[in-house]
Participant: 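Below: one structure in structure tokens.
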Amino acid sequence: MKDIDNGLSKDMDKELSRGTDSRLSKSIDNRLSAEDISSALSGAGITDCTIQVYDTVGSTQDIGKEFARSQWSDPEGTSPLALITADSQTKGRGRYGKHFYSPSDTGIYMSLVIKVGKPVENFLSITTATAVAVCHVIERHSHMKPEIKWVNDVWFGGRKACGILTEAVTDPKSGILGSVIIGIGMNLTTESFPDELRDIAFSIDDMDIGRSRLIAEIASEIFKASEDPDSDELFEEYKSRSLILGKEVWWMERDQRRTGLAVDINRAGNLIVKTEAGLVTLNSGDVSIRPV
Ligand code: BTN
């Protein structure tokens with residue numbers, strides 16, 4: 001494990017600019033390097049972030065949670081931001097405790113820890129702001145046109161390439177939201193998926209930058225977005241990128257299949273669906289688009 005406080009990095013990098021290497025180029029350096037991540041973050045003006053890079057872990061989210069707890073028990077000894085990434089995960093997890101497939105070399109698995117210390121409303125905005133930030137980076141470095149599937153999966157042409165999981169640690173003294181841990185898993189060059197994912201998973205295999213720079217760029221966008229997660233602009237962009245709004249959807253409710261038209265997402269992150277019985281507000285859950 002390499003643990004770097006990138007405020008101490010001497011190897012200041014250029015700004016996080018778009019790479020010019022040819023797409024699908026085998027010459028792209030895909031290694032995970034704490035030095036490269038640190039250097040790229042410093043170039044983007046982020047110098048107060050602890051960086052931890054591992055070969056294999058259970059889940060970067062768990063390491064992120066531990067870090068978040070230490071931010072509150074040891075405020076002087078920890079930085080307000082942390083980035084934990086691993087080449088592979090043995091217990092990568094998604095929402096509802098689902099397994100997140102995390103093979104080595106072919107994807108990115110990262111958790112960002114942000115000390116927030118504000119009322120809980122910010123939590124949902126950070127989640128939606130993260131999805132938008134991830135789309136920005138993908139569009140800058142690939143030909144793909146990502147869409148956001150409520151709540152915050154990133155899809156391409158009906159298949160999922162990136163999942164986002166946001167968790168929180170509360171400040172034990174005040175009970176308010178202390179730190180958020182934002183986990184991002186992205187398939188890059190994974191060619192073979194387990195049977196259950198084969199038809200629904202997608203790999204973004206035309207990135208023009210390597211994993212370390214990609215991780216730094218995603219982190220930098222999210223750290224910056226987290227400074228004003230309630231921005232109306234970000235939220236409108238989140239909705240405009242929605243794969244689901246304006247579509248007929250179905251979901252299961254107490255073993256009953258329900259259907260309706262997805263008409264809006266409110267600031268609390270709820271999906272508003274117009275059904276024959278009136279408007280329904282969905283808090284979370286798996287919603288599928290009805291085939292036309
Ligand atoms: C989802 O698909 O529901 C969210 C998936 C989130 C996966 C990432 S990979 C890095 C971090 N560590 C985890 O165990 N999960 C997140």
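Just so you know, ligand 1 is whichever comes first in the structure, and atom 1 is the first atom listed for that ligand.
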Participant: Is there a heavy atom in K98 that sits closer than 4.0 Å to ligand 1?
Facilitator: no
Participant: Give the residue, atom name and distance (to 0.1 Å) of the protein heavy atom nearest atom 5 (C) of ligand 1.
Facilitator: F100 CD1, 3.5 Å
Participant: Using heavy atoms and a threshold below 4.0 Å, how should the contact between I164 and ligand 1 be classified: side chain, backbone, both, or neither?
Facilitator: backbone
Participant: State plainly whether the residues R211 and D87 are in salt-bridge range, i.e. N to O under 4.0 Å.
Facilitator: yes
Participant: Partners of H99 by side-chain contact (heavy atoms from CB on, under 4.5 Å), sequence neighbours excluded?
Facilitator: none
Participant: Could you tell me the residue and atom name of the protein heavy atom closest to atom 9 (S) of ligand 1, and the distance to it rounded to 0.1 Å?
Facilitator: Q89 NE2, 3.4 Å
Participant: Using only heavy-atom distances, determine whether the side chains of Q71 and T78 contain a donor-acceptor pair under 3.5 Å.
Facilitator: no
Participant: Flag yes if more than 12 heavy atoms outside E196 fall under 6.0 Å of its CD atom; otherwise flag no.
Facilitator: yes
Participant: For M110, which part has a heavy atom under 4.0 Å from ligand 1: side chain, backbone, both, or neither?
Facilitator: backbone
Participant: Considering only non-hydrogen protein atoms, determine which one is nearest to atom 15 (N) of ligand 1 and report residue, atom name and distance to 0.1 Å.
Facilitator: R93 O, 2.7 Å
Participant: Number the atoms of ligand 1 from 1 as they appear, then name those within less than 4.0 Å of a heavy atom of G92, with their elements.
Facilitator: 14 (O)
Participant: I'd like to check E191 versus T106 (side-chain heavy atoms, cut-off strictly below 4.5 Å). Are they in contact?
Facilitator: no
Participant: Examine the side chains of N152 and T127 and answer whether a donor and an acceptor come within less than 3.5 Å of each other.
Facilitator: no
Participant: At what distance is the nearest protein heavy atom to atom 10 (C) of ligand 1, and which residue and atom is it?
Facilitator: T60 OG1, 3.3 Å
Participant: Check residues 239-247 and write down every donor-acceptor pair under 3.5 Å in which the side-chain atom is one partner and the other belongs to a residue at least two apart or another chain.
Facilitator:
{"unit_1": "K239", "atom_1": "NZ", "unit_2": "D264", "atom_2": "OD1", "d": "2.9"}
{"unit_1": "S240", "atom_1": "OG", "unit_2": "E237", "atom_2": "O", "d": "2.9"}
{"unit_1": "R241", "atom_1": "NE", "unit_2": "E237", "atom_2": "OE2", "d": "2.8"}
{"unit_1": "R241", "atom_1": "NH1", "unit_2": "E139", "atom_2": "OE2", "d": "3.0"}
{"unit_1": "R241", "atom_1": "NH2", "unit_2": "E139", "atom_2": "OE1", "d": "3.1"}
{"unit_1": "R241", "atom_1": "NH2", "unit_2": "E237", "atom_2": "OE2", "d": "3.2"}
{"unit_1": "S242", "atom_1": "OG", "unit_2": "I244", "atom_2": "N", "d": "3.1"}
{"unit_1": "S242", "atom_1": "OG", "unit_2": "L245", "atom_2": "N", "d": "3.1"}
{"unit_1": "K247", "atom_1": "NZ", "unit_2": "L243", "atom_2": "O", "d": "2.8"}

Participant: Can you name the atoms of ligand 1, numbered from 1 with element, that are less than 4.0 Å from a heavy atom of S59?
Facilitator: 12 (N), 13 (C), 14 (O)
Participant: In the protein, which heavy atom is nearest to atom 2 (O) of ligand 1, and how far is it?
Facilitator: K160 NZ, 2.5 Å
Participant: For atom 3 (O) of ligand 1, what is the closest protein heavy atom, and at what distance to 0.1 Å?
Facilitator: R95 N, 2.8 Å
